[in-house]
Number of protein chains: 2
Amino acid sequence: MKFRIDIRRKDGLADPEGMTTHKALHNLGYTEVTAAHFGRTIYLEIEGTDAAAAAAEVETMCRQLLANPVIEDFEIGVVG
Amino acid sequence: MKFRIDIRRKDGLADPEGMTTHKALHNLGYTEVTAAHFGRTIYLEIEGTDAAAAAAEVETMCRQLLANPVIEDFEIGVVG
């Protein structure tokens with residue numbers, strides 16, 4: 001099974017990469033861009049057939065290692 | 001309009017973050033994970049009403065600044 005985890009900072013927290021990108025786009029003339037935010041995505045392939053158990057395990061992995069739940073939100077999706 | 005850009009390394013290229021994550025998950029006991037890959041996501045908010053023109057412009061931004069088309073694939077989606 002393939003899972004996709006989207007991790008991004010919680011709303012309201014500083015996003016320096018996003019701000020820098022926003023400025024760079026403005027400097028290149030893309031002044032219609034009003035905001036830019038960064039996130040990261042992790043794609044996991046997992047052996048097994050029990051999708052619900054695997055999804056629960058992916059959530060545990062996120063809390064334990066992959067994301068920082070204090071400052072980040074994450075969303076888990078199945079891609080195949 | 002809100003766009004979401006998914007950027008990941010082309011298949012076959014080394015993905016050190018993914019390999020490190022894979023190893024770390026194994027060390028934590030998640031041995032059923034067979035692969036881990038990293039990508040990044042950029043969320044852009046753009047003023048305007050012409051969705052097709054904005055999407056074309058986002059693609060230009062990707063080629064010019066946001067992604068490295070030599071080693072990365074990107075995918076643009078509208079999120080709102």
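In this text the structure is predicted, and so the values were computed from the model without any measurement. Here is how names work: the chains are called A, B, and so on, in the same order as the sequence lines, proteins then strands, and each is numbered from 1.
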query: Checking A:L66 against chain B: side chain, backbone, both or neither under 4.5 Å from a heavy atom?
result: side chain

task: State yes or no: do B:V70 and B:L13 share one hydrophobic cluster built from I, L, V, M, F, W and Y residues joined by side-chain heavy-atom distances below 4.5 Å, directly or via other members?
output: yes

A:Y30 portion near chain B, given a 4.5 angstrom heavy-atom threshold: side chain

statement: Counting heavy-atom pairs under 4.5 Å with chain A, the top scorer among B:G18, B:A54, B:A36 is B:A36

- request: Answer yes or no: does atom CG of A:D50 have more than 12 heavy-atom neighbours from other residues, nucleotides or ligands under 6.0 Å?
  value: yes

message: Please check: side-chain N/O of A:T34 versus main-chain N/O of B:E45, any donor-acceptor pairing under 3.5 Å?
response: yes

Options B:T21, B:D6, B:I5, ranked by heavy-atom pairs under 4.5 Å with chain A, top entry: B:D6

field: Contacting region of A:L28 [heavy-atom separation from chain B under 4.5 Å]
entry: side chain

- prompt: From A:R40 CZ over to B:E17 CD, what is the distance, rounded to the nearest 0.5 angstrom?
  reply: 8.5 Å

- prompt: So which heavy atom on B:T41 is nearest to which on A:T41, and how close?
  reply: OG1-OG1, 2.6 Å

query: Out of A:Q64, A:E47, A:E32, which one racks up the most heavy-atom pairs below 4.5 Å with chain B?
result: A:E32

task: Look at the side-chain heavy atoms of Ile, Leu, Val, Met, Phe, Trp and Tyr, link any pair under 4.5 Å apart, and say whether B:F38 and A:F38 land in one connected group.
output: no

message: Is there a side chain to side chain contact (heavy atoms under 4.5 Å, CB included) between A:I42 and B:H37? Walk through the geometry before answering.
response: CA-CA 6 Å; A:I42 303 173; B:H37 294 286; over 6 Å; no

query: Is the number of heavy atoms from other residues, nucleotides or ligands under 6.0 Å of A:K2 NZ greater than 12?
result: no

message: Heavy-atom cut-off 4.5 Å, strictly under: side chain, backbone, both or neither for A:L65 against chain B?
response: side chain

- request: Please say whether more than 12 non-hydrogen atoms of neighbouring residues, nucleotides or ligands are located less than 6.0 Å from NZ in B:K10.
  value: yes

Within one Ile-Leu-Val-Met-Phe-Trp-Tyr cluster: B:Y43 and B:I7, side-chain cutoff 4.5 Å: no

query: Are B:V78 and B:L44 linked, directly or through other ILVMFWY residues, by side chains that come within less than 4.5 angstrom of each other?
result: yes

